[in-house]
Amino acid sequence: PVTITNAGDFTVSRDNPETVVVIPGQPQTLSVSTDAAGATYQWYRDGSPVAGATANSLEVTETETGVYFARVSLSGGACTSSFVDSGPTSVVAPASLELDIAYNGAYSACENTSVVLEVSGIRALDGSGNSTDVTADLLGALTYQWRLDGTPVSGATSSSISLTDIGENGAYTLDAAISAYSAESN
């Protein structure tokens, strides 16, 4: 977390990563903390106050991209009111998703009689090609369809596929989708 101190008065810490990727249907929470008692909060998006966002946390969705920060204020007492802005958080929605598939366990060509292929990684890519690992967030949320040599495999709609017969040899790919996004494995 980034911590900013206001001339010894109080400290504000950003409690979430500097960049937060928001996938459709998977809201994320931005949050800050402070050592000040009685502080008030106001969240800002792209430099403008967010209406009604006056708690130490803020839930954002994929339609609310931008740069966020929280202004934490203290007022009253002998001193004039003061405030500290949290470090900024970039909230981004991915331009695309990218999947990796791999063998589950050891595999040796011409030696194994069975093998399991599975999703080994899911990355969200922004418009500049930067990637964020979203495997834990999306593995169970995506819908899947395995393909053998370009043709859908009947009933193969999970994140893994078990191959137990030599007749199943071929080039496997995996299509995955969530809401407005879709991805194809390498």
Side-chain angles (χ1 to χ4, degrees), residues 1-100 118-144 158-159 175-185:
V2 172
T3 302
I4 300 172
T5 302
N6 181 10
D9 292 341
F10 63 99
T11 301
V12 174
S13 297
R14 180 185 62 217
D15 298 331
N16 48 262
E18 185 175 353
T19 300
V20 173
V21 178
V22 185
I23 304 295
Q26 306 262 332
Q28 296 289 320
T29 300
L30 310 180
S31 65
V32 296
S33 55
T34 183
D35 57 4
T40 60
Y41 303 88
Q42 175 61 60
W43 284 91
Y44 288 75
R45 175 181 172 204
D46 297 329
S48 299
V50 177
T54 57
N56 72 319
S57 63
L58 176 68
E59 187 174 272
V60 293
T61 67
E62 75 276 5
T63 62
E64 300 168 316
T65 60
V67 177
Y68 287 80
F69 69 90
R71 178 162 291 164
V72 181
S73 302
L74 282 178
S75 59
C79 301
T80 59
S81 65
S82 61
F83 66 87
V84 175
D85 292 341
S86 69
T89 298
S90 294
V91 173
V92 299
S96 63
L97 298 174
E98 189 174 71
L99 286 134
D100 292 324
E118 66 182 5
V119 174
S120 61
I122 305 170
R123 289 176 303 286
L125 304 174
D126 67 16
S128 301
N130 299 313
S131 70
T132 302
D133 186 333
V134 293
T135 307
D137 294 330
L138 292 185
L139 187 62
L142 293 170
T143 58
Y144 300 97
S158 71
S159 62
D175 296 336
I178 184 171
S179 186
Y181 294 92
S182 62
E184 186 174 304
S185 65

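FYI, the numbering just counts along the sequence from 1.
Listed for the Thr34 side chain is a donor-acceptor partner under 3.5 Å among the backbone atoms of Thr11. The backbone N or O of Val67 sits less than 3.5 Å from a side-chain atom of Asp46, completing a donor-acceptor pair. With hydrogens and angles ignored, the 3.5 Å screen pairs a side-chain donor or acceptor of Asn16 with a backbone N or O of Ser31. Looking at Gln42, its side chain never comes within 3.5 Å of a backbone N or O of Ala55 through a donor-acceptor pair. In this structure a side-chain-to-backbone donor-acceptor pair under 3.5 Å is missing from Thr19 to Ser90.
With rounding to the nearest 0.5 angstrom, the CD atom of Gln28 is 6.0 Å from the CG atom of Asp137. In this structure, the separation between OH on Tyr41 and OG on Ser57 is 9.5 Å, given to the nearest 0.5 Å. The distance from the CG atom of Leu138 to the CD1 atom of Ile178 is 5.0 Å, given to the nearest 0.5 Å. Atom CG in Asp85 sits 4.0 Å away from atom CZ in Arg71 (nearest 0.5 Å). Distance check, rounded to the nearest 0.5 Å: OG1 of Thr40 to CG of Leu74 gives 7.5 Å.
Counting non-hydrogen atoms of neighbouring residues, nucleotides and ligands closer than 6.0 angstrom, the CD atom of Glu18 reaches no more than 12 such neighbours.
By the 4.5 Å heavy-atom criterion applied to side chains, Val22 and Glu64 are not counted as neighbours. The shortest side-chain heavy-atom distance between Arg45 and Trp43 does not fall under the 4.5 Å cut-off. Annotation: side chain of Leu125 is in contact with side chain of Ser131 (closest heavy-atom distance under 4.5 Å). Under the 4.5 Å side-chain criterion, counting only non-hydrogen atoms from C-beta, Leu97 is in contact with Leu142. Residues Pro94 and Ile23 meet the side-chain proximity criterion, which asks for heavy atoms closer than 4.5 Å. A heavy-atom distance below 4.5 Å is found between the side chains of Arg14 and Pro88.
Residues passing the side-chain contact (heavy atoms from CB on, under 4.5 Å) test with Val119 are Leu99, Ile122, Leu139, Tyr144, Ser159, Leu174, sequence neighbours excluded.
Minimum interatomic distance between Val134 and Ala124 (heavy atoms only, all atoms of both residues): CG2-N, 3.8 Å. Shortest non-hydrogen contact noted between Val72 and Phe10 is O-CZ, 3.5 Å.
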